[in-house]
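Single-structure report; data block below.
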2 protein chains.
Amino acid sequence: MTVTLADVAARARVSPATVSRVLNGNYPVAAATRERVMRAVDELDYVPNGPASSLAAATSDLVGILVNDIADPFFGIMAGAAQGAIGAGGAGDALTEAGRAAAGTAHERPTGTSTDKATAKATDKTSDKTSEKVSEKAGGEKLAVVCNTGGSPARELTYLTLLQRQRAAAVILTGGSLEDPEHLAAVAAKLARLAEAGTRVVLCGRPPLGEPPAGEPAVAATLAFDNRTGARRLTEHLLALGHRRIGYVAGPENRTTTRHRLEGHRAALAAAGVAEGPTVHGRYDRSSGYEATVELLGREPDLTAVVSANDTVALGVCAALRDRGLSIPGDVSVAGFDDLPFAVDAVPALTTVRLPLHDAGARAGRLALGTEAPPQGGVATIAAELVVRGSTGAPRGA
Amino acid sequence: MTVTLADVAARARVSPATVSRVLNGNYPVAAATRERVMRAVDELDYVPNGPASSLAAATSDLVGILVNDIADPFFGIMAGAAQGAIGAGGAGDALTEAGRAAAGTAHERPTGTSTDKATAKATDKTSDKTSEKVSEKAGGEKLAVVCNTGGSPARELTYLTLLQRQRAAAVILTGGSLEDPEHLAAVAAKLARLAEAGTRVVLCGRPPLGEPPAGEPAVAATLAFDNRTGARRLTEHLLALGHRRIGYVAGPENRTTTRHRLEGHRAALAAAGVAEGPTVHGRYDRSSGYEATVELLGREPDLTAVVSANDTVALGVCAALRDRGLSIPGDVSVAGFDDLPFAVDAVPALTTVRLPLHDAGARAGRLALGTEAPPQGGVATIAAELVVRGSTGAPRGA
DNA sequence: ACACGGATGGAAAGCGCTTTCTATCGGGCA
DNA sequence: TGCCCGATAGAAAGCGCTTTCCATCCGTGT
């Protein structure tokens, strides 16, 4: 029922081997023959069987991107950027172009007859392009898929196994991870076997794995966000404004991101000799920020500033404050983290710490492709930048 | 180098066939034998070769979710919900639980010795569960991957082809589509072949495909948002408040969502005998809303209300208005669409049209799994609900 | 006590593609 | 003119797993 390589071979009156070679373009095939094969592919509307190729070639062109929460733009932006770098044929940033290019792209190949042939042609084109003896390592066009772990360690492992099963070309893990030693070890082990099997591993916005066993090569290329310094700068900013009673709405416990940001915050306080204010842990969503703020104010009614786990949480913090009749930043200053697109639209606009999510994601994509050389020592630290806006100001009477 | 089924068989002193049967649990295997095999699997840390199984079984457990923009929560929420319904082992909504459950889940299997064994165990557990003669159609645990098309029709087709190659179990297309007839035909053709090959096709938040050829079964189960009615209600609300000069910041041209919302808007105006105000098309992002508003005010300085393509755009509209010194809703009312989580945090909170993204996504996931029966006639229309908040009010002097 | 059938396990034939290893065909060169 | 080589194409051996027959084995019914 489905068209196979053999069918194409028969129609083109060549051997299956030749068809394979034409399609993969890594072996000289006479122009005439190639032409004949392509015609047959077109006419039969042949689509290669992925599993079969992957099995025979022992590789696939899948790249997995793991995210903690796909509904959170923090991950969406990184994933989109990575995906753009991986799948857009080098165009780099298809995501950004997307809106504008929304129309038109479909007509680029007017030669096609039946609509579906356009697809086949596209495939051919790709092969053509790569057929000019592209080295194996160069990493041609790959297909990125994003896997939503929902923050569940079990699911993270499941996806990693799936990707391992699929013999993925690369895996990108984004965002902070759970700090449970058992889980960490399990992930490290899994990544080690993936790397061993030839899958490129990239960590984006996540701290590096432990050191590799001995003099062995690093398992993963790592792009780590400098959450600690970012958080520290943010708290220093608040301290400079005169705040001394600062509440902290932290992210979920046992997460690296949560810990690092908290550490930066505490470091700033310690350096200034200011006592730490109340801290409440919660989720990375707005209602968590709301609830935490209520709790915080209960514990310490005269707070003059609240630092949030991230921008989304900050929105909840603002809402809670407003509902209590407190003005921002008049009565209480609020700070976010990440500088997601909506941060500037909050009223007042959020003071926050910008993380170059887009750049980091794109770079992760290139690392996954092998287009970009891994950083020295395998780990690059990505700086976080303080962005001061209207939501922070001097405390009353300062 | 890698462990294969045969290795496991050898170690367990059974035939490969038996190992396969234990792993897939669709054939009676004596408890003792099974036990032996499982031990071997554990000890060797065996991970099945996905491509090989897919090839032999002619199916895979991949479910593809196509989204237009992964950085947009509109898609993220649907994708997350779908993914939760598909991959969470029936738990239904892993995404929501995620934050809370962030810790702990890793310890659930204290029997494991080496860290990596935990994974193997998890796999076994799954097999166990399904080994009790689960019918083929029931659709066990599948793996959802989301594919970001970035709104590019070419990429949409590419991903569909990829999924076809992988012999995906199901495909979910989310969000509106381009209205280009050629592209539409290409997609329809592709989906038809997918369906024909046994892949379940679900459209979520996208209008139905054209009618299937003759008396043939519908290719796709469709969950269509009633954007038209939603938009109509929204404009009616504005009209009821007394607005007569309403600007419209529309989404990209040639998109179904854009057209439907615009049609609803116009229908309301027509029904009320009110002349249509200026309309500007743009992207689905905040800066587009900002720019469009500047343009709108240039054309028609005395607008009293602006309707936006969606909430994100509305944020940009608000920013532009604020920058011009116009108050919301005092001088100009603003309305969004979708009711994304941040809509309530805008100041003033956005009046918008709520789309049950989460429910729709989850339902799409169940349809993809075959857990839920497709709607009558193949198409279910999902109602959109007007949500009135502070960003809309009576125009000055009304 | 003997034949029969249910319960298990093995053998082996692929699934569709990739990739050596060969075979063939012309030319260029000595 | 004859030989060796580069350029092409084909043959065939898998890749690792599923699954359709079959072959056993043992408990039962009569």
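Residue numbering restarts at 1 for every chain, and letters A, B, ... go by the order of the sequence lines.
- Proximity of residues 6-13 of chain B to DNA chain C (heavy atom under 4.0 angstrom from any strand atom) is not detected for any residue.
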**Study point:** Derivation and outcome, side chain to side chain contact (heavy atoms under 4.5 Å, CB included), residues A:Arg11 and A:Asp7
**Key:** CA-CA 6 Å; A:Arg11 190 172 228 286; A:Asp7 298 330; over 6 Å; no
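- Protein atom CG of A:Leu55 is 7 Å distant from nucleotide atom P of D:dG16, rounded to whole Å.
- Checking side-chain atoms of B:Arg21 against main-chain N and O of B:Tyr27 turns up no donor-acceptor pair under 3.5 Å.
- Closest approach to the B:Ala56 side chain among D:dC17, C:dT18, C:dC17 is made by D:dC17 (side chain taken as heavy atoms from C-beta onward).
- Note: CZ (B:Arg165) to C1' (C:dT18) measures 14 Å, nearest angstrom.
- Residue B:Ile172 is tested with B:Val146, B:Leu66, B:Val202 for a side chain to side chain contact (heavy atoms under 4.5 Å, CB included); the sole match is B:Val202.
- For B:Asp61 (side chain) and B:Leu143 (main-chain N/O), no donor-acceptor pair under 3.5 Å exists by modelled atom type.
- Within the structure, every side-chain polar atom (N or O) of B:Ser20 is placed at least 4.0 Å from both OP1 and OP2 of D:dC17.
- When atom types are taken as modelled, the side chain of A:Ser60 and the backbone of A:Gln166 share a donor-acceptor pair closer than 3.5 angstrom.
- To the nearest angstrom, P of C:dG10 lies 13 Å from CG of B:Leu5.
- With sequence neighbours excluded, the residues forming a side-chain hydrogen bond (donor to acceptor under 3.5 Å, both in side chains) with B:Thr18 are B:Ser15, listed by chain and number.
- Rounded to a whole Å, the CG atom of A:Asn49 is 17 Å from the P atom of C:dG14.
- At whole-Å resolution of the value, CG in B:Asp61 and P in D:dT18 are 11 Å apart.
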Exercise for review: Show your reasoning for whether side chain to side chain contact (heavy atoms under 4.5 Å, CB included) applies to A:Val63 and A:Leu163.
Suggested key: CA-CA 8 Å; A:Val63 173; A:Leu163 263 2; over 6 Å; no
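- A donor-acceptor pair shorter than 3.5 Å cannot be found between the side chains of A:Asn49 and A:Ser53.
- Here the nucleotide nearest the side chain of A:Ala57, chosen from D:dT18, C:dT19, D:dC17, is C:dT19.
- If you take CG of A:Asn24 and P of C:dC17, they are 10 Å apart, rounded to a whole angstrom.
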Give me, pair by pair, the N or O atoms of the protein and of nucleotides 6-9 of chain C that are less than 3.5 Å apart, along with how far apart they are.
unit_1 : atom_1 : unit_2  : atom_2 : d
C:dG9  : OP1    : B:Thr33 : OG1    : 2.3
C:dG9  : OP2    : B:Ala30 : N      : 3.0
C:dG9  : O6     : B:Tyr27 : OH     : 2.4

Review point. Step by step, would you call B:Val47 with A:Arg165 a side chain to side chain contact (heavy atoms under 4.5 Å, CB included)?
Key: CA-CA 7 Å; B:Val47 173; A:Arg165 276 156 109 112; 3.7 Å; yes
